[in-house]
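Notes follow the structure.
Computed from heavy atoms alone, side chains included, the values below leave out hydrogens, waters and symmetry copies. None of these values were measured; they are calculated from a predicted model.
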Amino acid sequence: MTEAKSNYKEVPTNAEDEIKKDDDVVGLKPKMTLLNGITVIVGSIIGSGIFISPTGVLQNTGSVGMALVVWITSGIFSMVGAYCYAELGCMIQKTGADYAYIMVTFGPFLAFMRLWVECIIVRPCSQTIVALTFSVYIMKPFFPTCIPPDDSARLLAAVCI
């Protein structure tokens with residue numbers, strides 16, 4: 001496992017290191033502006049769940065005050081998680097985010113498994129949920145007094161995907 005870790009190259013931190021890199025290595029130049037970072041974070045964190053979650057929270061808590069307590073508590077947990085992720089990013093300065101962190105910490109097998117699960121399970125499920133949410137909300141005007149039919153919503157979500 002130590003051989004795989006030593007083959008993992010770091011991103012150059014200044015212009016001199018970038019000039020010294022091997023000519024046979026092909027890759028993209030890492031570039032993310034503040035605006036790009038904000039849009040990625042907002043798109044990843046908020047997503048379509050913000051349109052569905054409030055109803056369930058309000059129904060299960062029974063009052064607006066308790067719903068706000070749940071939202072504030074959830075926000076604190078999310079903030080702690082974001083700080084932990086920022087700490088990892090400062091300590092392990094390699095490209096690849098989760099992959100790089102797991103590669104350094106646990107080795108190549110678990111890093112590969114993390115990527116595999118992300119590509120095969122997590123991303124498709126996320127896209128399915130977003131498409132189903134979109135299809136239900138886009139069909140609401142056509143069914144103002146009732147819930148849109150599941151088959152129609154699923155068909156529209158499949159077309160969206």
Side-chain angles (χ1 to χ4, degrees), residues 1 5 8 10-11 13 28-161:
M1 279 197 210
K5 288 181 184 177
Y8 193 73
E10 292 188 27
V11 175
T13 54
L28 294 174
K29 190 176 189 180
K31 178 182 171 189
M32 183 172 273
T33 64
L34 178 62
L35 182 62
N36 290 352
I38 290 171
T39 56
V40 166
I41 290 170
V42 168
S44 298
I45 301 300
I46 294 176
S48 64
I50 194 70
F51 301 110
I52 297 173
S53 301
T55 306
V57 171
L58 200 52
Q59 285 175 349
N60 291 319
T61 56
S63 70
V64 174
M66 191 60 180
L68 287 174
V69 169
V70 168
W71 279 103
I72 290 169
T73 305
S74 300
I76 291 170
F77 276 115
S78 295
M79 192 170 61
V80 169
Y83 286 141
C84 292
Y85 208 77
E87 180 83 18
L88 276 173
C90 291
M91 290 176 57
I92 303 172
Q93 297 180 350
K94 296 183 179 186
T95 58
D98 297 338
Y99 175 79
Y101 306 151
I102 295 172
M103 175 75 124
V104 168
T105 309
F106 299 112
F109 177 72
L110 288 178
F112 170 78
M113 291 306 295
R114 163 66 172 89
L115 281 180
W116 188 85
V117 168
E118 177 78 19
C119 291
I120 302 298
I121 298 170
V122 174
R123 293 290 170 136
C125 289
S126 301
Q127 290 300 320
T128 303
I129 292 168
V130 168
L132 284 170
T133 303
F134 170 78
S135 66
V136 166
Y137 277 102
I138 206 75
M139 291 173 59
K140 282 276 190 190
F142 300 109
F143 300 94
T145 59
C146 63
I147 299 171
D150 280 341
D151 292 338
S152 300
R154 290 178 184 178
L155 184 62
L156 182 58
V159 168
C160 289
I161 291 174

Quick check: are there more than 12 heavy atoms from other residues, nucleotides or ligands sitting under 6.0 Å from [atom1] of [X]?
X: M113; atom1: CE; result: yes
X: I147; atom1: CD1; result: no
X: F109; atom1: CZ; result: no
X: D151; atom1: CG; result: no

Between [atom1] of [X] and [atom2] of [Y], what distance do you get to the nearest 0.5 Å?
X: L68; Y: L58; atom1: CG; atom2: CG; answer: 9.0 Å
X: I138; Y: T133; atom1: CD1; atom2: OG1; answer: 12.5 Å
X: L155; Y: M139; atom1: CG; atom2: CE; answer: 9.0 Å
X: L115; Y: I120; atom1: CG; atom2: CD1; answer: 11.0 Å
X: S126; Y: I121; atom1: OG; atom2: CD1; answer: 11.5 Å
X: F142; Y: S152; atom1: CZ; atom2: OG; answer: 11.5 Å

Closest non-hydrogen atom pair between [X] and [Y], with its separation:
X: L88; Y: Y101; answer: O-CE2, 3.8 Å
X: L132; Y: A153; answer: CD2-O, 4.2 Å
X: P124; Y: C119; answer: CD-O, 3.4 Å
X: C160; Y: A131; answer: CB-CB, 4.4 Å

For this session: Please step through side-chain contact (heavy atoms from CB on, under 4.5 Å) for the pair Y85 and D98, ending with a clear verdict.
Result: CA-CA 9 Å; Y85 208 77; D98 297 338; 2.5 Å; yes

Problem set entry | Donor-acceptor under 3.5 Å (N60 side chain, G56 main chain) | yes

